[in-house]
Enquirer: 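So that we are looking at the same thing, I have put the structure below in structure tokens.
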Amino acid sequence: MKKTLAHALAGALALSLAAAASAQVKPEDQIRYRQAGYSFMSWNMGKIKANLEGTYNKDQVAAAANAIAGIANSGMGALYGPGTDKAIGNVKTRVKPEFFKEGDNVGKIAREFNAAANDLAKVAASGDAAAVKTAFGKVGETCKSCHDKYRME
């Protein structure tokens, strides 16, 4: 019970700080920052995939998994502030308008992604390639669930 309350309070504090932070970042910069975060996660996903398909280096996999979990838990939701639902000048976005209207579902998908990313980092630390493959697949599934619903081609 105490742990749940502590997590709820920490979550509320994080949301408050994220909202304050997003108010101080121009919408076009919010789009750029979130795109950079997703690009960095994609690069790290590629490193894990290469290790799973080739010679497995547990240290490289663990480092990549930790990077993904770090970004997943960084509060990127704050980078979806007002005005970031469409292109701004030459800064384009592929987020669908529904993303901004379906907060409960977006939050559910984000929580699932964060949990999968955290699990991947935990499993990667063990060095067990088979377990990493399973956890990696779950991260990919959560990415896909958001892309399928909320990302334009």
Side-chain angles (χ1 to χ4, degrees), residues 3-22 25 27 29-53 56 58-86 91-153:
K3 196 172 194 180
T4 302
L5 180 59
H7 284 180
L9 290 173
L13 177 61
L15 286 174
S16 298
L17 293 173
S22 70
V25 179
D29 288 336
Q30 289 180 46
I31 294 170
R32 285 184 185 112
Y33 297 157
R34 72 185 187 219
Q35 289 172 344
Y38 292 126
S39 291
F40 189 64
M41 280 195 285
S42 176
W43 179 60
N44 280 285
M45 291 287 284
K47 290 184 342 186
I48 294 171
K49 183 178 180 185
N51 271 273
L52 290 170
E53 293 175 348
Y56 189 83
K58 68 180 181 73
D59 294 330
Q60 287 178 2
V61 171
N66 285 331
I68 294 164
I71 294 170
N73 291 286
S74 70
M76 282 185 58
L79 299 175
Y80 288 91
T84 67
D85 57 334
K86 57 190 168 298
V91 179
K92 308 290 185 225
T93 182
R94 293 190 291 175
V95 67
K96 290 180 178 178
E98 294 83 2
F99 180 94
F100 296 89
K101 297 173 186 166
E102 300 177 6
D104 289 343
N105 192 50
V106 170
K108 177 182 173 281
I109 292 171
R111 287 186 299 278
E112 290 169 354
F113 171 70
N114 288 3
N118 290 336
D119 184 56
L120 176 61
K122 180 181 171 186
V123 170
S126 76
D128 180 347
V132 167
K133 185 174 183 176
T134 299
F136 180 73
K138 289 179 183 174
V139 171
E141 288 171 13
T142 62
C143 291
K144 185 176 179 349
S145 71
C146 189
H147 289 191
D148 286 351
K149 187 152 178 98
Y150 298 114
R151 185 179 187 200
M152 291 184 266
E153 293 300 318

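Keep in mind that the numbers below use all heavy atoms, side chains included, and drop hydrogens, waters and symmetry copies.
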Enquirer: Please indicate whether K47 has more than 12 foreign heavy atoms, meaning atoms of other residues, nucleotides or ligands, lying under 6.0 Å from its NZ.
Expert: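 Buried by this count: over 12 neighbours within 6.0 Å.
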
Enquirer: Looking at residues at least two apart in the chain, or sitting in another chain, which of them share a side chain to side chain contact (heavy atoms under 4.5 Å, CB included) with K122?
Expert: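 In terms of side chain to side chain contact (heavy atoms under 4.5 Å, CB included), with neighbours along the sequence ignored, K122 is linked to no residue.
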
Enquirer: With sequence neighbours excluded, what pairs up with F40 under the side chain to side chain contact (heavy atoms under 4.5 Å, CB included) test?
Expert: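 Applying side chain to side chain contact (heavy atoms under 4.5 Å, CB included) to F40 gives W43, N44, A67, I71.
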
Enquirer: How would you list, by chain and number, every residue that makes a side-chain hydrogen bond (donor to acceptor under 3.5 Å, both in side chains) with Q60, sequence neighbours excluded?
Expert: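 Counting only residues at least two positions away or on another chain, Q60 forms a side-chain hydrogen bond (donor to acceptor under 3.5 Å, both in side chains) with N51.
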
Enquirer: The criterion is salt bridge (Lys or Arg N to Asp or Glu O under 4.0 Å); which residues satisfy it with K96, sequence neighbours excluded?
Expert: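 Once residues adjacent in sequence are excluded, K96 has no partner under the salt bridge (Lys or Arg N to Asp or Glu O under 4.0 Å) criterion.
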
Enquirer: Could you tell me whether D104 atom CG has more than 12 heavy atoms of other residues or ligands within 6.0 Å of it?
Expert: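 Not more than 12 within 6.0 Å, no.
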
Enquirer: Backbone N or O of Q35 within a donor-acceptor pair of the S39 side chain at under 3.5 Å?
Expert: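 Confirmed, S39 side chain pairs with Q35 backbone.
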
Enquirer: Who are the side chain to side chain contact (heavy atoms under 4.5 Å, CB included) partners of R111, not counting sequence neighbours?
Expert: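 Result, side chain to side chain contact (heavy atoms under 4.5 Å, CB included) vs R111: K108.
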
Enquirer: Mind checking what makes side-chain hydrogen bond (donor to acceptor under 3.5 Å, both in side chains) contact with N66, not counting sequence neighbours?
Expert: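 Checked N66 against side-chain hydrogen bond (donor to acceptor under 3.5 Å, both in side chains); zero matches.
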
Enquirer: Apply side chain to side chain contact (heavy atoms under 4.5 Å, CB included) to K144 and list each qualifying residue two or more places apart in sequence or on a separate chain.
Expert: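 In terms of side chain to side chain contact (heavy atoms under 4.5 Å, CB included), with neighbours along the sequence ignored, K144 is linked to D148.
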
Enquirer: Could you list the donor-acceptor pairs under 3.5 angstrom formed by side chains in residues 123-130, with sequence neighbours left out?
Expert:
{"residue": "S126", "atom": "OG", "partner": "V123", "partner atom": "O", "Å": "2.5"}
{"residue": "S126", "atom": "OG", "partner": "D128", "partner atom": "N", "Å": "3.2"}
{"residue": "D128", "atom": "OD1", "partner": "A130", "partner atom": "N", "Å": "3.1"}
{"residue": "D128", "atom": "OD1", "partner": "A131", "partner atom": "N", "Å": "3.2"}

Enquirer: Applying salt bridge (Lys or Arg N to Asp or Glu O under 4.0 Å), which residue pairs with at least one partner in residues 32-42 are found, sequence neighbours left out?
Expert: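 Every pair satisfying salt bridge (Lys or Arg N to Asp or Glu O under 4.0 Å) with a residue in residues 32-42: D29-R32.
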
Enquirer: The criterion is salt bridge (Lys or Arg N to Asp or Glu O under 4.0 Å); which residues satisfy it with E141, sequence neighbours excluded?
Expert: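 With neighbours one apart ignored, the set is empty.
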
Enquirer: Checking F99 now: which residues fulfil ring-ring contact (aromatic ring centres under 6.0 Å, His included) with it, not counting sequence neighbours?
Expert: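 Only Y80, Y150 meet the ring-ring contact (aromatic ring centres under 6.0 Å, His included) criterion with F99.
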
